Amino acid sequence: MTMYPHPNSGLAHLSILVLLLSLLLPLSLPSRAPPHQHPVHLPSLVPHAPLPLSRSRFSSQTQLDFTTHCNASCYHKGEQESRREHLTEQLAFETLYADGSRTLTTVDVADEDNYEGTISPAIQPPTKGRRVTSRHRRQKRQIYGADGRFNIRGDHFLLDYPFSTAVRISTGCTGVLVSRLHVLTAAHCVHDGKDYVKGARKLRVGFLTPPYINGTKPSQTPTKKPLVRWVRVKRTRVPKGWIQGPQEVSMDFDYALLELRWPHRRPFMRLSVAPSSDDLAGKRIHFSGFDSDRPGELVYRFCPVEDESNDLIYQHCDARPGASGSGVYGRVWDTALERWERKVIGIFSGHQWLEIDGENRDYNVAVRFTPLKFAQICYWVHGNRVDCSQD
């Protein structure tokens with residue numbers, strides 16, 4: 001099995017060494033829990049009976065190069081608005097079925113009186129209110145300096161965990177396996193905030209398959225790209241926090257869950273409430289996706305967290321359109337297993353420009369799983385509240 005940096009990136013041998021060290025890091029991690037690890041309070045969602053909606057028109061176009069702009073007004077917006085007032089509305093969700101029919105499910109938070117908004121106990125955000133208020137057409141800079149991405153190749157490597165958890169979405173995005181039947185991806189890959197995209201009408205999930213599995217000997221296909229086995233999606237769930245009608249969309253809720261028609265047999269990655277970056281092993285995040293500038297290739301990258309708010313993870317991991325929807329994971333301390341485990345803590349969304357006090361900053365951004373988002377996604381996966389009582 002082999003791992004290749006892109007031919008255009010410098011210091012190829014050093015890059016491979018860095019990648020190997022990153023993959024072998026669990027062997028050298030301490031066996032004790034990180035200091036200052038706070039217990040996470042998990043709220044419980046109480047869903048109401050689904051309400052029928054009109055059939056989707058599938059009138060929108062998929063926007064792979066999702067970029068947003070935030071100025072001082074939206075930067076401080078979250079400091080003035082009451083999050084609790086909009087809490088249940090944002091956690092409501094739409095379900096799109098394969099025949100085009102839709103339902104809306106509203107929810108209550110069972111212990112809302114004892115739960116302070118959506119702020120995770122694991123982090124006190126250094127900056128508040130980073131909410132998207134407008135789309136921006138400025139040229140994106142999603143590669144920061146030397147390209148630090150790695151192509152994942154080899155007869156068996158694509159089927160090895162954690163790379164095997166990455167799947168393709170037929171609208172041009174990436175997803176991550178989070179159960180035997182479910183795939184998480186970015187909401188903008190299936191819905192633009194106003195309507196479902198055309199490709200969501202017959203949405204499919206693609207599993208990479210090395211050519212030899214289809215009857216060709218490995219020695220006969222050393223340079224052949226992997227094949228894709230497509231599986232139809234049974235239903236799609238999108239949070240109401242993303243579906244804002246005529247209003248602008250928010251990166252805070254840029255996630256969606258796809259349910260497959262039948263279960264797969266590959267390893268999947270467990271979900272976790274996103275801890276503070278200080279509680280991530282190496283303070284790093286990782287994700288693998290299908291970047292549009294490397295067609296047919298699975299691309300892996302990792303980088304440190306630059307900043308974080310309650311809802312977003314700001315970082316400079318190199319990425320291009322097509323990587324949207326990738327499962328962002330870190331090595332999180334599992335108190336039950338008493339060891340470090342890779343867990344999905346967010347979804348890669350896209351790129352954001354920040355213009356604050358005359359200073360321009362840009363980041364690649366991932367949606368951060370707060371306790372409430374975790375409870376919502378967990379309910380989507382399990383269909384009950386009992387299995388979502390602990391992280």
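Just so it is clear, the model here is predicted, and its values are computed rather than measured. For the numbers below, each heavy atom of this structure counts, side chains included, while hydrogens, waters and symmetry mates do not.
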Are side-chain N/O atoms of Asp99 and Ser101 paired as donor and acceptor at under 3.5 Å?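 Per modelled atom types, Asp99 and Ser101 side chains form a pair under 3.5 Å.
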Can a side-chain donor-acceptor contact be found between Asp362 and His316 if the only test is distance below 3.5 angstrom?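 No.
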Between [atom1] of [X] and [atom2] of [Y], what distance do you get to the nearest 0.5 Å?
{"X": "Trp340", "Y": "Arg331", "atom1": "CH2", "atom2": "CZ", "answer": "10.0 Å"}
{"X": "Tyr379", "Y": "Leu257", "atom1": "OH", "atom2": "CG", "answer": "12.5 Å"}
{"X": "Asp65", "Y": "His188", "atom1": "CG", "atom2": "NE2", "answer": "8.5 Å"}

Measuring only between side-chain heavy atoms, which start at C-beta, is [X] closer than 4.5 Å to [Y]?
{"X": "Pro239", "Y": "Gln90", "answer": "no"}
{"X": "Val231", "Y": "His264", "answer": "no"}
{"X": "Val273", "Y": "Ile345", "answer": "no"}
{"X": "Leu91", "Y": "Leu45", "answer": "yes"}

With a cutoff of under 4.5 Å between side-chain heavy atoms, which Ile, Leu, Val, Met, Phe, Trp and Tyr residues group with Leu53?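 Other cluster members: Leu104.
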Considering non-hydrogen atoms only, spot the tightest contact between [X] and [Y] and give its length.
{"X": "Arg232", "Y": "Arg204", "value": "CD-CG, 3.5 Å"}
{"X": "Thr209", "Y": "Arg229", "value": "OG1-CB, 4.1 Å"}
{"X": "Arg368", "Y": "Ser276", "value": "NH2-N, 3.9 Å"}
{"X": "Leu64", "Y": "Ser324", "value": "O-OG, 3.6 Å"}
{"X": "Asn364", "Y": "Cys317", "value": "ND2-O, 2.7 Å"}
{"X": "Val381", "Y": "Ser179", "value": "CG1-CB, 4.0 Å"}

With [X] via side-chain contact (heavy atoms from CB on, under 4.5 Å) - residues at least two apart:
{"X": "His382", "value": "Cys378, Asn384, Asp387, Cys388"}
{"X": "Ser56", "value": "Phe58, Leu96, Arg102, Asp195, Tyr196"}
{"X": "Thr95", "value": "Phe93, Tyr97, Thr103, Arg235, Arg237"}
{"X": "Lys234", "value": "Glu259, Arg261"}

I want to check a possible cation-pi pair here: Lys373 against Tyr255, using under 6.0 Å from ring centre and within 45° of the ring axis as the test.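 That pair does not qualify as a cation-pi contact.
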Is Arg180 atom CZ crowded by more than 12 heavy atoms from other residues, nucleotides or ligands, each under 6.0 Å away?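 Counting other residues, nucleotides and ligands, CZ of Arg180 exceeds 12 neighbours.
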Under 6.0 Å between the ring centres of Phe287 and Tyr329?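 Distance test on ring centres: not under 6.0 Å, no.
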Main chain of Val299, side chain of Arg301: is a donor-acceptor contact present, judged purely on distance under 3.5 Å?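 Yes; judged by distance alone, with no hydrogens or angles, the pair exists.
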Kindly say whether Val344 contributes a backbone atom to a donor-acceptor pair with the side chain of Ser272 at under 3.5 angstrom?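 No, because the side chain of Ser272 does not come within donor-acceptor range (under 3.5 Å) of the backbone of Val344.
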Look at the side-chain heavy atoms of Ile, Leu, Val, Met, Phe, Trp and Tyr, link any pair under 4.5 Å apart, and say whether [X] and [Y] land in one connected group.
{"X": "Val197", "Y": "Ile243", "result": "no"}
{"X": "Leu51", "Y": "Trp242", "result": "no"}
{"X": "Val46", "Y": "Val107", "result": "no"}
{"X": "Val238", "Y": "Val367", "result": "yes"}
{"X": "Phe268", "Y": "Trp262", "result": "yes"}

Run through Arg270, Arg339, Arg342 and flag the one making a side chain to side chain donor-acceptor pair (under 3.5 Å) with Asp334.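 Running side chain to side chain donor-acceptor pair (under 3.5 Å) over Arg270, Arg339, Arg342 with Asp334 returns exactly one hit, Arg270.
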Ser349: side chain to side chain donor-acceptor pair (under 3.5 Å) partners, not counting sequence neighbours: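 Checked Ser349 against side chain to side chain donor-acceptor pair (under 3.5 Å); matches are Asp254.
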Apply side-chain contact (heavy atoms from CB on, under 4.5 Å) to the pair Leu312 and Met251, showing each step before the final yes or no. CA-CA 8 Å; Leu312 299 176; Met251 267 186 171; 4.0 Å; yes
Quick one: do His48 and Asp108 satisfy side chain to side chain donor-acceptor pair (under 3.5 Å)? Show the steps, please. CA-CA 8 Å; His48 300 159; Asp108 287 324; 2.8 Å; yes
What residue among Leu184, Leu177, Val176 forms side-chain contact (heavy atoms from CB on, under 4.5 Å) with Val167?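 Of all the options given, the one that passes is Leu177.
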Would you check, one step at a time, whether the test side-chain contact (heavy atoms from CB on, under 4.5 Å) holds for Ile285 with Ile313? CA-CA 10 Å; Ile285 57 171; Ile313 299 171; 4.3 Å; yes
Parallel, tilted or perpendicular: ring planes of Tyr314 versus Tyr363, cut at 30 and 60 degrees: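 Perpendicular: the ring planes of Tyr314 and Tyr363 meet at over 60°.
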